[in-house]
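Computed from a prediction, not measured in an experiment: that's the story for all the values here. Numbers restart at 1 for each chain; the letters A, B, ... are given by sequence-line order, proteins then strands.
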Protein chains: 2
Amino acid sequence: METFLDKTLLDRGPIGTGITGKPGSTKARIERAALKLFAAQGVDGVSIKEIARACNISDGAMYRHFDSKESLAHTLFQAIHANLLSMLQDNVSPQDGLEATVRAVVTAYCELAEADPAAFAYHLTARNTVLARAGDGGADPSSLMARRISAAMATGEIPRADAELKSAMAMGVVLQAAEYRLYGRITTPLTDLIETFTDGVMAVLKTA
Amino acid sequence: METFLDKTLLDRGPIGTGITGKPGSTKARIERAALKLFAAQGVDGVSIKEIARACNISDGAMYRHFDSKESLAHTLFQAIHANLLSMLQDNVSPQDGLEATVRAVVTAYCELAEADPAAFAYHLTARNTVLARAGDGGADPSSLMARRISAAMATGEIPRADAELKSAMAMGVVLQAAEYRLYGRITTPLTDLIETFTDGVMAVLKTA
DNA sequence: AAAGCGTGTGTGATCGTTCATTCACATTCT
DNA sequence: AGAATGTGAATGAACGATCACACACGCTTT
């Protein structure tokens, strides 16, 4: 099972840089190779041998750096997720208004998607299988969004409705566009679309 | 690799009914079982044995009905996709305006998602791997949407912009919410949200 | 009615391959 | 020297797929 992700886009990520390992190290090379393969074929669609061959080491050497394939996949996801959260926290502060929060979330996603498409693609497809139901108790962008939306409803800034639903609709505006970008249906860098997305999301949130 | 799809939701589909085979037949039982497993674990995450056990036949018997696992997965996807398209064509006519078209697309997705969550979930995750790049030359809801958006831009009904981008943003409103529904983050039946989605999508499309 | 026969369906052993993982051993770094 | 890193053969399990065989029919021929 193989996807049709834009291959040139996947290579646009930080080349010698891994996620956990220091740049240039074998560990980093493994992570980078695994990330690209996981993004393109899914964790189950990639074998250890395949990852090893992609970074020119033997399959046995993989286990010097990771306990198992599952552990590698998990470590990668967690690192990317943490990175996404920290990007988000860089852009948002508690006293921000709704629109500023929306812009911060949008910005975090767009910047990650452009800076490291493979990481973003993997995060996008894996988030439902590893993050799961409230895996970290709402420490994901969508939950943050839902809380902020809820608050804005309380103040009457936007019409009252199911905050979780509105959060889904809002996230969808950005995430679906990002997915299109990964598959080459859109070619504009997402970072150029931050205001477009923010406006779109705000428009959705203002509907009754 | 397992997702955390709402299991009770997956069982809400037509129980004895398959996709291709006549209701109650072994073929239908295989399709139903495979669909649920594919939706929950991905095609690569499910073995022939697993599907066979789920519908109480031997693994060898699987091949009386399908040439291969890949073929089963492909057949299922195509059938669901065709079904989605026909639901869409039931609701839309060429002379429809933008909003009517949006409502038709939204309705098709919502009705499929509620009538057969497993089929919908599988379609959602598989569409990028099997439908691929313009697999059927734009005969998918999103491409139809993009064309209709393009037309509305030409008449000045909505601001001029990248139609493909706007289509992505519009689809995202519905699809992301549908995904939340599959994972139990939203419990409202999507068919009750058709107007909400239509309003949301229209609001997005009207932004500059 | 009984016997024969083709066809569709189901079984479970079996095939060759690939999988993730381990291990004894070699090499390189510190 | 000793630790870290790399190798590639080996292991057992699981995989997709095939096979010979068996049973249950509807059909014709006796």
>> Within residues 62-69 of chain A, which residues have any heavy atom lying less than 4.0 Å from an atom of DNA chain D?
In response: A/Arg64, A/His65
>> Just to be sure I understand the geometry, which residues of residues 51-61 of chain A put a non-hydrogen atom under 4.0 Å away from DNA chain D?
In response: A/Ile57, A/Ser58, A/Gly60, A/Ala61
>> What range of DNA chain D does chain B touch, first nucleotide to last, counting atoms under 4.0 Å from its heavy atoms?
In response: D/dC15 to D/dC21
> Is a side-chain N or O of A/Lys166 found less than 3.5 angstrom from the main chain of A/Ser150, in a donor-acceptor match?
Replying inline: no
> Who pairs with B/Tyr63 by side chain to side chain donor-acceptor pair (under 3.5 Å), at least two apart in sequence or on another chain?
Replying inline: none
> Taking atom C1' of C/dT9 as reference, at what distance in whole Å does atom CD1 of B/Ile30 sit?
Replying inline: 11 Å
Going by atom type alone, with no hydrogens or angles, which donor-acceptor pairs under 3.5 Å involve a side-chain atom of residues 91-104 of chain A and a protein atom two or more places apart or on another chain?
{"unit_1": "A/Asn91", "atom_1": "ND2", "unit_2": "A/Met87", "atom_2": "O", "d": "3.3"}
{"unit_1": "A/Ser93", "atom_1": "OG", "unit_2": "A/Gln95", "atom_2": "OE1", "d": "3.4"}
{"unit_1": "A/Ser93", "atom_1": "OG", "unit_2": "A/Asp96", "atom_2": "OD1", "d": "3.4"}
{"unit_1": "A/Asp96", "atom_1": "OD2", "unit_2": "A/Ser93", "atom_2": "N", "d": "3.0"}
{"unit_1": "A/Glu99", "atom_1": "OE2", "unit_2": "A/Arg103", "atom_2": "NH2", "d": "3.1"}
{"unit_1": "A/Thr101", "atom_1": "OG1", "unit_2": "A/Gly97", "atom_2": "O", "d": "2.8"}
{"unit_1": "A/Arg103", "atom_1": "NE", "unit_2": "A/Glu195", "atom_2": "OE2", "d": "2.8"}
{"unit_1": "A/Arg103", "atom_1": "NH2", "unit_2": "A/Glu195", "atom_2": "OE1", "d": "3.2"}

> For B/Lys36, which residues count as a side chain to side chain donor-acceptor pair (under 3.5 Å) partner, sequence neighbours excluded?
Replying inline: B/Asp11
>> Angle between the two end axes of the helix from C/dA1-D/dT30 to C/dT30-D/dA1, five base pairs per end, rounded to 10 degrees?
In response: 10°
> Going by the salt bridge (charged side-chain N to carboxylate O under 4.0 Å, His left out) test, which pairs reach into residues 41-58 of chain B, not counting sequence neighbours?
Replying inline: B/Lys49-B/Asp59
>> Less than 4.0 angstrom from a charged side-chain N to a carboxylate O is my criterion; do B/Glu114 and B/Arg181 meet it?
In response: yes
> With sequence neighbours excluded, what pairs up with B/Asp116 under the salt bridge (charged side-chain N to carboxylate O under 4.0 Å, His left out) test?
Replying inline: B/Arg32
> Can you list the residues that meet the side chain to side chain donor-acceptor pair (under 3.5 Å) rule with B/Thr8, with sequence neighbours excluded?
Replying inline: B/Asp6
> Is any side-chain nitrogen or oxygen of B/Thr26 closer than 4.0 Å to OP1 or OP2 of C/dT9?
Replying inline: no
> Could you give all pairs that pass the salt bridge (charged side-chain N to carboxylate O under 4.0 Å, His left out) test and reach residues 117-126 of chain B, with sequence neighbours left out?
Replying inline: none
> Could you state the CG-C1' distance from A/Asp44 to C/dT18, rounded to the nearest angstrom?
Replying inline: 14 Å
>> For A/Gln176, give me all partners under side chain to side chain donor-acceptor pair (under 3.5 Å), at least two apart in sequence or on another chain.
In response: none
>> Any carboxylate oxygen within less than 4.0 angstrom of a Lys/Arg side-chain nitrogen, looking at B/Arg147 and B/Asp140?
In response: no
> What do you reckon, is CG of A/Asp90 surrounded by more than 12 foreign heavy atoms closer than 6.0 Å?
Replying inline: yes
> Between A/Phe77 and A/His123, how do the two ring planes meet: parallel, tilted or perpendicular, split at 30° and 60°?
Replying inline: parallel
